[in-house]
Amino acid sequence: MDFKTIDELLKYTENIKGKTFRELDKDNLLEKNKKDKGNFGKIIETGFYGYPNNNKAEADFNDLGVELKVSGYVKNKNGTISAKERLVLSKIDYNSIVNEEFNYSKLLFKNKKILIIWYEYDKEKDMSDFVITDYQLYDMSGDEIVIKNDFEIIKEKVLEGYAHLLSEGDTSYLGACTKGATSDDKTKQPFSNIPAKPRAFSLKNSYMTGILRSLDLTFTVDKLEYKTIDEYVYAQVKKFIGKTQIDIYFALSGIEYKNDIPKNLSKMISDKAIGKDKELPEKNDLFRKTNYIIKNLPVDNNDYPLERMSFRNLTLSDFKDEWEASWWKTYFEEVTIIVLCYEGSSKIKNGFRKLKDIKKITFNSDDIDVFGRTYNMVKQAIDNKDITKLPYPNSFSGQILEVAPKGIKGDDAYLNLFKKDTTKVCFMISKDFIFKKF
DNA sequence: CTCTGATCATGT
DNA sequence: ACATGATCAGAG
């Protein structure tokens, strides 16, 4: 089929809504090569748009400057929707990237517009019964400066001989995700002898979710004033550096705490100064398509943390998946933690600590592998209904991530672990590890 | 002291 | 009513 204009293409595409892959799969591709992850794309190209089933890399709408992508989403418990997976692009060649300028032709951005076909992923259903519910022409040019910056960050890391330390959290939209048959696959990098994991460019899960949600967002996108979240956050809190928590909160709210300092005073400050986690997407477009979180941490005068860092409550259902496919793995791979450090000590308690600086934490593949061990211990504990198998502190040497209780008075967090899906325990990362990351 | 299980104030 | 981010506080 040949489309003269984008309008024509979109008008035709309207008819795909409501179709299942079974209906479109005229050549029975789903049966023939079950393992081919590109199947959905091929089915739509041949079965819906009528392209011959050749092996040309992308039979897309080149003349129109549009590239076709098929992507799944899932419905969340709270009624929102999220992209199911990151969109993997071309493999990163460590040897050639160092000589490349940000080059549209090598990546998806050659065309800047992508036609995304969204289907609803439902693990209860057979793949061929997934329903295509939406499509969307997405113009990436608005994100170009962020993506270019991401590209440079990745290139820079390879130039420094740190390809083995790449993390998806390093960047905002364009990620360097791992790619390889097993997690032990390694490849060479040009400026170091240390083997690195093979990686590919990807549009991060959080970015795809942002695009997906823009389907029903009515408000217009802010102008991008900042290239990275760090810049943005720093701009918001710069003026408070050196001031105590009480003073900062007073400056922000007019409320002055004298005693009975709230435990979450630091969070109340970051909520007001930078934004509540839920509002962040409205504050700056970068937040809408990234997985950045703001955390607060007391440190001593050497920047050594006074506390561990906690994450959200674990749910039993988080651990149904194997580690490789788990929510937590994607989360740790993609997340970037912005840490507002407050200097304190055993004498200088909550409320009287002074904002010292802002640091950033991301996790590399070695970290992620160690997290996997912790994850599997939780999974074992749940699968066997045996709390002694949990990854308590110091469960194994080199442990970074541990479980800790997280309830209110009277909760026996560990003993009641199996009572409800949402448990009263959480993950925490160790102080030593945070310090090393700094 | 440090470690680790327990608890709190707030927001939704 | 309860999840969250964070700190507290007793044990060792």
Side-chain angles (χ1 to χ4, degrees), chain A residues 76-80 244-246 248-249 252-253 255-282 291-302 304-318 327-328 331 335 337-355 361 374 377 381 387-388 390-397 399-417 419-435:
Chain A
N76 303 319
K77 278 174 248 168
N78 61 13
T80 59
T244 67
Q245 294 161 288
I246 289 174
I248 299 171
Y249 193 72
L252 287 165
S253 70
I255 298 167
E256 184 169 20
Y257 283 98
K258 289 253 157 57
N259 32 30
D260 291 330
I261 316 274
K263 276 194 194 176
N264 52 351
L265 184 59
S266 292
K267 187 62 180 172
M268 290 159 73
I269 289 169
S270 59
D271 280 357
K272 280 211 158 28
I274 304 162
K276 292 177 192 161
D277 295 330
K278 294 214 161 157
E279 295 168 357
L280 289 174
E282 293 160 39
N291 197 359
Y292 274 72
I293 54 176
I294 311 288
K295 284 191 173 288
N296 300 279
L297 184 76
V299 296
D300 70 10
N301 52 6
N302 296 314
Y304 192 84
L306 301 179
E307 294 284 353
R308 296 161 294 174
M309 189 175 272
S310 69
F311 295 88
R312 69 145 229 266
N313 289 36
L314 304 185
T315 66
L316 300 178
S317 50
D318 284 343
W327 184 91
W328 280 106
Y331 176 79
V335 74
I337 305 173
I338 305 269
V339 190
L340 304 191
C341 298
Y342 288 87
E343 183 171 334
S345 67
S346 56
K347 293 265 175 63
I348 304 171
K349 306 270 256 189
N350 188 30
F352 302 92
R353 298 171 183 152
K354 289 178 178 164
L355 182 59
I361 296 180
T374 298
M377 290 177 74
I387 61 167
T388 66
L390 283 171
Y392 299 104
N394 291 308
S395 295
F396 57 90
S397 100
Q399 185 180 14
I400 306 170
L401 193 65
E402 60 197 38
V403 293
K406 187 167 189 281
I408 49 167
K409 191 175 160 86
D411 286 345
D412 267 312
Y414 290 136
L415 289 174
N416 294 319
L417 188 72
K419 285 257 169 73
K420 274 182 55 210
D421 189 48
T422 305
T423 67
K424 301 291 182 188
V425 302
C426 68
F427 280 141
M428 284 194 164
I429 54 177
S430 73
K431 296 194 281 190
D432 262 332
F433 177 73
I434 299 169
F435 186 61

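Throughout, a chain's letter reflects where its sequence line sits, starting with A, and its residues are numbered from 1. All of these numbers come straight from a predicted model, not from anything done at the bench.
We find that CG of Asn394(A) is positioned 16 Å from P of dG12(C), with the value rounded to whole Å. The distance between atom CG of Leu297(A) and atom P of dA6(C), rounded to the nearest whole Å, is 9 Å. Taking atom CD1 on Ile294(A) and atom C1' on dG5(C), their separation rounds to 13 Å, with Å as the unit. Going from atom CD1 of Ile269(A) over to atom P of dT4(C) covers 22 Å, rounded to whole Å. For the pair Gln245(A) CD and dA6(C) C1', the computed distance is 10 Å after rounding to whole Å. Summarising the geometry, the separation between CD1 on Ile408(A) and P on dA1(C) is reported as 11 Å, rounded to the nearest angstrom. Nucleotide dC2(C) holds its P atom 17 Å from the CZ atom of Arg312(A), rounded to whole Å.
Residue whose closest nucleotide on DNA chain B sits further toward the 5' end, between Gly407(A) and Asn264(A): Gly407(A). Residue order along DNA chain B, read from the 5' end via each residue's closest nucleotide, puts Leu306(A) first among Leu306(A) and Ile261(A).
Interatomic distance, CG of Leu340(A) versus NZ of Lys295(A), reported as 11.5 Å (0.5 Å rounding). Annotation: the span from Leu252(A) atom CG to Ile269(A) atom CD1 amounts to 7.0 Å, rounded to 0.5 Å. Annotation: the span from Arg353(A) atom CZ to Asn296(A) atom CG amounts to 11.0 Å, rounded to 0.5 Å. Atom OH of Tyr342(A) sits about 14.5 Å away from atom CD1 of Ile348(A), to the nearest 0.5 Å. For the atom pair NZ of Lys420(A) and CG of Leu316(A), the computed distance is 10.0 Å after rounding to the nearest 0.5 Å.
Taking the six-membered ring for Trp and thresholds of 30 and 60 degrees, Tyr257(A) and Tyr249(A) have ring planes inclined between 30 and 60 degrees apart.
Thr374(A) pairs by the side chain to side chain contact (heavy atoms under 4.5 Å, CB included) definition with Pro391(A), Phe396(A), Gln399(A), Leu401(A), Phe427(A), not counting sequence neighbours. Every residue was checked against the side chain to side chain donor-acceptor pair (under 3.5 Å) condition with Ser346(A), not counting sequence neighbours, and none meets it. With sequence neighbours left out, Phe352(A) forms a ring-ring contact (aromatic ring centres under 6.0 Å, His included) with no residue at all.
Side-chain atoms of Ser310(A) and base atoms of dA6(C) include a donor and an acceptor less than 3.5 Å apart.
Note on Pro405(A): a base of the nucleic acid sits closer than 4.0 angstrom, heavy atoms only. When heavy atoms are screened at a 4.0 angstrom cut-off, Ser266(A) is found touching the sugar-phosphate backbone but no base atom. Residue contacts shown for Tyr257(A) are limited to sugar-phosphate atoms, with no base heavy atom under 4.0 Å away.
Side chain of Asp318(A) to main chain of Trp327(A): no donor-acceptor pair is present (N/O by atom type, distance under 3.5 Å, no hydrogens or angles).
Within residues 424-433 of chain A, the residues approached by DNA chain C to less than 4.0 Å at the level of any non-hydrogen atom are Lys424(A), Met428(A), in residue-number order.
Running 5' to 3' along DNA chain B, contacts with non-hydrogen atoms of chain A at under 4.0 Å begin and end at dC1(B) to dT12(B).
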**Message:** Between Lys354(A) and Thr244(A), is the side-chain contact (heavy atoms from CB on, under 4.5 Å) condition met? List the steps.
**Reply:** CA-CA 4 Å; Lys354(A) 289 178 178 164; Thr244(A) 67; 3.9 Å; yes

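Residue Lys276(A) places no side-chain N or O under 4.0 Å from the OP1 or OP2 atom of dT4(C).
Residues Gln245(A) and Ser266(A) meet the side-chain proximity criterion, which asks for heavy atoms closer than 4.5 Å.
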Close N or O pairs between protein and nucleotides 8-10 of chain C (under 3.5 Å):
residue	atom	partner	partner atom	Å
dC8(C)	N4	Glu307(A)	OE1	3.2

